[in-house]
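Since the structure comes first, as structure tokens, the remarks are kept for the end.
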Amino acid sequence: MIRTYIYGEVPNEELFIRSRAIADVAPAVAEILENVRNRGDEALREYTRRFDGVELESFLVTPEEIEEGCAAVSEEFRAVLRQAAENIAEYHRNQIRSGFVMTRPKGVVLGQIVRPIERVGLYVPNGTAAYPSSLLMNCIPAKIAGCGLLVTVTPPDRNGKVSPAILAAAREAGVDRIYKIGGAQAIGALAYGTESIPRVYKIVGPGNAFVAEAKKQVFGTVAIDTVAGPSEVLILADDGNDPKVVAADMLAQAEHDVLATAVLITDSVSLAGEVAEELEVQLQSLPREKIARASIENNGKIVLVSDMDQAVECANEIAPEHLEICLDDPFSYLGKIKNAGSIFLGKNAAEALGDYMAGPNHTLPTTGTALFGSPLSVDDFVKKSQYTYYSREALQDIRGSIELFAEEEGLRGHADSIRARFAERETS
């Protein structure tokens with residue numbers, strides 16, 4: 001059963017346990033990556049046979065397979081995908097940024113240009129559940145940023161097929177290529193390139209412990225979005241809330257993973273008790289009961305506070321991935337929130353709304369990284385270059401300062417590179 005605590009009686013790190021996989025997969029992942037780097041497609045076929053139980057000659061999903069997969073998805077769900085894609089695109093278009101140019105006297109021109117990352121790879125899980133929503137959330141900002149090649153990798157099933165829902169989402173998002181490959185070996189293929197899979201410059205998307213570890217190990221060869229931990233929700237609620245709704249929101253998070261965390265912070269003793277009872281009632285009818293129950297029993301918490309200001313104080317220390325402010329006046333608390341990945345305001349803004357249809361991104365900083373991290377955005381798919389132009393007259397004005405700075409740092413060559421530009425006139 002879920003445990004209840006009083007805020008201040010135990011440290012916050014105990015109130016909000018961030019679970020991580022116990023097994024150390026780093027050595028196994030390193031071996032897989034090295035094998036893919038050295039043997040390319042041959043290694044990919046070997047791992048696909050071993051881990052996915054299927055023999056593949058070609059990893060590329062053909063246009064015919066995409067058609068077949070899309071046809072297997074109901075028109076109703078395709079319409080939902082289209083609407084979700086439109087909402088995500090509408091929100092993320094507001095994130096487009098352009099460069100700038102500025103001038104100073106005597107012909108100085110400074111500026112910044114913004115360019116899309118040319119090749120991006122997206123990992124889409126296909127294990128205990130398929131997540132077409134993750135594909136939309138990762139691909140659409142990349143497309144809006146203008147990325148030239150967008151490659152998706154996802155594990156095949158035992159028949160060598162890709163989830164129809166993922167294929168339908170890929171078409172809606174405008175993915176350029178889809179490959180039937182999963183696990184750490186897929187990350188290696190994207191990072192190093194193989195005979196059939198092109199190397200990319202950035203890898204995004206969630207995955208299991210092997211995928212997360214592989215992303216860590218290839219970072220530097222390529223860029224990555226983040227190394228995401230288990231998903232989490234923190235709910236702030238008073239006695240004006242329906243305990244059935246609060247419990248349902250907690251279980252919506254808990255059913256993701258046995259390592260997921262769902263925590264309620266409330267100033268109402270009665271709500272705390274009712275939510276605890278309701279969790280048990282709803283768990284019994286949840287299809288993913290075993291997963292959700294393990295999450296609630298191991299990581300779930302109810303925290304009692306004196307008032308909602310104290311609840312906000314606790315939330316800011318925890319820096320949750322998802323924060324629900326289930327209050328009648330949520331906007332009065334919004335300005336007080338310093339650390340959270342995605343904030344859901346009011347009693348109607350369920351976290352599930354953000355997972356699928358609202359538009360803001362659901363790829364978020366986890367395990368407390370909202371202290372310094374941000375949701376996935378168009379910014380993650382662009383890079384910036386800066387430029388400088390100085391006329392001779394402008395450089396003359398500042399040369400003494402540059403030379404002094406360089407000499408102070410013990411870098412005589414830096415100073416000489418400035419002096420050399422004026423040496424001829426000074427000696428003539």
Side-chain angles (χ1 to χ4, degrees), residues 85 88-123 134-152 173-177 187 190-193 198-206 212 215-228 319 321 338-342 359-366 369-391 394-395 398 401-402 405-406 409 411 414 417-418:
I88 295 166
E90 179 186 29
Y91 180 86
H92 287 80
R93 286 191 195 102
N94 291 287
Q95 298 172 342
I96 297 173
R97 65 171 66 203
S98 57
F100 64 86
V101 60
M102 57 179 282
T103 60
R104 291 177 182 158
K106 300 183 179 179
V108 174
V109 181
L110 308 168
Q112 177 178 277
I113 53 177
V114 180
R115 295 283 186 265
I117 296 174
E118 295 173 35
R119 297 181 177 188
V120 172
L122 165 63
Y123 189 93
S134 289
L135 189 147
L136 295 179
M137 291 289 181
N138 284 270
C139 289
I140 291 172
K143 280 293 181 180
I144 290 173
C147 298
L149 178 64
L150 192 54
V151 174
T152 293
V175 171
D176 298 303
R177 301 181 199 172
I187 301 302
L190 292 174
Y192 308 129
R199 175 183 176 238
V200 300
Y201 307 144
K202 184 164 189 173
I203 300 173
V204 300
K215 287 170 69 177
K216 283 175 62 177
Q217 292 191 24
V218 300
F219 176 65
T221 299
V222 294
I224 62 172
D225 51 353
T226 184
V227 179
E321 176 189 16
K338 299 176 182 178
N339 308 310
S342 193
N361 211 283
H362 79 196
T363 302
L364 304 167
T366 60
T369 56
L371 288 167
F372 51 80
S374 305
L376 192 77
S377 71
V378 172
D379 284 345
D380 288 288
F381 299 100
V382 299
K383 54 195 175 78
K384 307 171 187 73
S385 298
Q386 57 191 31
Y387 58 88
T388 302
Y389 172 83
Y390 262 62
S391 67
L395 183 60
I398 203 173
S401 298
I402 301 171
F405 220 137
E409 291 192 343
L411 299 174
H414 281 59
S417 74
I418 299 298

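The basis for the numbers below is simple: all heavy atoms, side chains too, and nothing from hydrogens, waters or symmetry mates.
The line from CD1 of Ile402 to OG of Ser417 is 8.0 Å long, rounded to the nearest 0.5 Å. For the atom pair Tyr389 OH and Leu110 CG, the distance stands at 12.0 Å (nearest 0.5 Å). Taking CD from Glu321 and CG from Leu364, the interatomic distance works out to 5.0 Å, rounded to the nearest 0.5 Å. One distance of note links CD1 of Ile117 with SG of Cys147; it measures 6.0 Å at 0.5 Å rounding. If you take CZ on Phe405 and CG on Leu411, they are separated by 11.0 Å, rounding to the nearest 0.5 Å. With values rounded to the nearest 0.5 angstrom, Ser342 atom OG is found 10.5 Å from His362 atom NE2.
The backbone N or O of Ala191 sits nowhere less than 3.5 Å from a side-chain atom of Thr221 that would complete a donor-acceptor pair. With Asn361 contributing its side chain and Pro375 its backbone, the two residues share no donor-acceptor pair below 3.5 Å. Looking only at distances, no side-chain donor or acceptor of Glu118 sits under 3.5 Å from a matching main-chain atom of Gly148.
Looking at every heavy atom in both residues, Tyr387 comes nearest to Phe100 through OH-O, 3.7 Å. Of all non-hydrogen atoms in Val204 and Phe381, the two that sit nearest each other are CG1-CE2, 3.9 Å. Nearest heavy atoms, Leu149 versus Pro198: CD2-CG, 4.0 Å. For the pair His92 and Pro141, the tightest heavy-atom approach, listed with the atom from each and the gap, is CD2-CG, 3.6 Å. Taking each heavy atom of Tyr390 and Leu395 in turn, the nearest pair found is CD2-N, 3.8 Å. Between Gly205 and Asn138 the shortest heavy-atom distance is N-OD1, 3.7 Å.
Taking the charged nitrogens against the carboxylate oxygens, Asp176 and Lys143 do have a contact shorter than 4.0 Å, which makes a salt bridge.
Between Val120 and Val200 there is no side-chain heavy-atom pair separated by less than 4.5 Å. Taking 4.5 Å as the limit, every side-chain heavy atom of Leu122 sits out of range of all side-chain heavy atoms of Val151. By the 4.5 Å heavy-atom criterion applied to side chains, Val218 and Tyr192 are counted as neighbours. Here the side chains of Thr152 and Arg177 are not in contact, with every heavy-atom distance at 4.5 Å or above. Between Val175 and Leu135 there is a side-chain heavy-atom pair separated by less than 4.5 Å. Using a 4.5 Å cut-off on side-chain heavy atoms (C-beta onward), Ser98 and Val114 make no contact. Considering only heavy atoms from C-beta on, Tyr123 comes within 4.5 Å of Ile187 through its side chain. Looking at Ile203 and Asp225, their side chains never come closer than 4.5 Å, going by heavy atoms from C-beta outward.
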Given side chain to side chain contact (heavy atoms under 4.5 Å, CB included), test Thr369 with Phe372 step by step and report yes or no. CA-CA 6 Å; Thr369 56; Phe372 51 80; 3.6 Å; yes

Please test Met137 against Leu376 for side chain to side chain contact (heavy atoms under 4.5 Å, CB included), starting from the C-alpha separation and ending with a verdict. CA-CA 8 Å; Met137 291 289 181; Leu376 192 77; 5.8 Å; no

With side chain to side chain contact (heavy atoms under 4.5 Å, CB included) as the test, would you mind laying out the steps for Ile96 and Ile144 before giving the verdict? CA-CA 8 Å; Ile96 297 173; Ile144 290 173; 3.7 Å; yes

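Contacts classified as salt bridge (Lys or Arg N to Asp or Glu O under 4.0 Å) and involving residues 377-390 (residues at least two apart or in different chains) are given here: Arg97-Asp379, Lys202-Asp380.
Other residues, nucleotides and ligands contribute over 12 non-hydrogen atoms within 6.0 Å of the CD atom of Gln112.
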